[in-house]
Amino acid sequence: MDCQMKIKELREMTGMNRKEFCAYFGIPYRTVTEWELDNRHAPEYVLRLLEYYIRAEHLEKNKV
């Protein structure tokens, strides 16, 4: 799965909008926007860490 799809899936999994997701995880809004627009790519380890944290902290609202 590419970065664009994965980051959007993770964000939607939490039920947060982009602004809430960025504030919660401390990621700049523009960075997440660029990831979701496929203009930039998050390192694979960042995506894995986000997914791990979301699952470990039971932040999942919607199963994707």
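Below, each value reflects all heavy atoms present in this structure, side chains not excepted, and no hydrogens, waters or symmetry copies. Please read these numbers as outputs of a predicted model, since none were measured by experiment. For reference, positions follow the sequence shown, starting with 1.
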Interatomic spacing from CG in Asp2 to CG in Asp38 - rounded to 0.5 Å: 5.5 Å
Partner residues of Glu36 under the salt bridge (Lys or Arg N to Asp or Glu O under 4.0 Å) criterion, sequence neighbours left out: Arg11, Arg18
Distance in Å, Met16 CE paired with Ile54 CD1, rounded so as to fall on 0.5 Å steps: 7.5 Å
Which atom of Cys3 lies closest to which atom of Arg40, heavy atoms considered: SG-O, 4.4 Å
Over all atoms of both residues, closest heavy-atom pair of Thr14 and Lys61: O-CG, 2.7 Å
Criterion side chain to side chain contact (heavy atoms under 4.5 Å, CB included) on Leu50 and Ile7, from CA distance to verdict: CA-CA 9 Å; Leu50 283 170; Ile7 196 71; 3.7 Å; yes
Passing candidate, side chain to side chain donor-acceptor pair (under 3.5 Å) with Arg55, options Glu51, His58, Glu57: Glu51
Under 3.5 Å donor-acceptor pairs involving side-chain atoms of residues 20-31, not counting sequence neighbours:
{"from": "Glu20", "atom 1": "OE1", "to": "Asn17", "atom 2": "N", "distance (Å)": "2.9"}

Nearest-0.5 Å distance that lies between atom CD in Gln4 and atom CG in Asn39: 9.0 Å
Same apolar cluster (I L V M F W Y, side chains within < 4.5 Å links), Leu37/Met5: no
Nearest-0.5 Å distance, CZ of residue Arg48 to NZ of residue Lys6: 11.0 Å
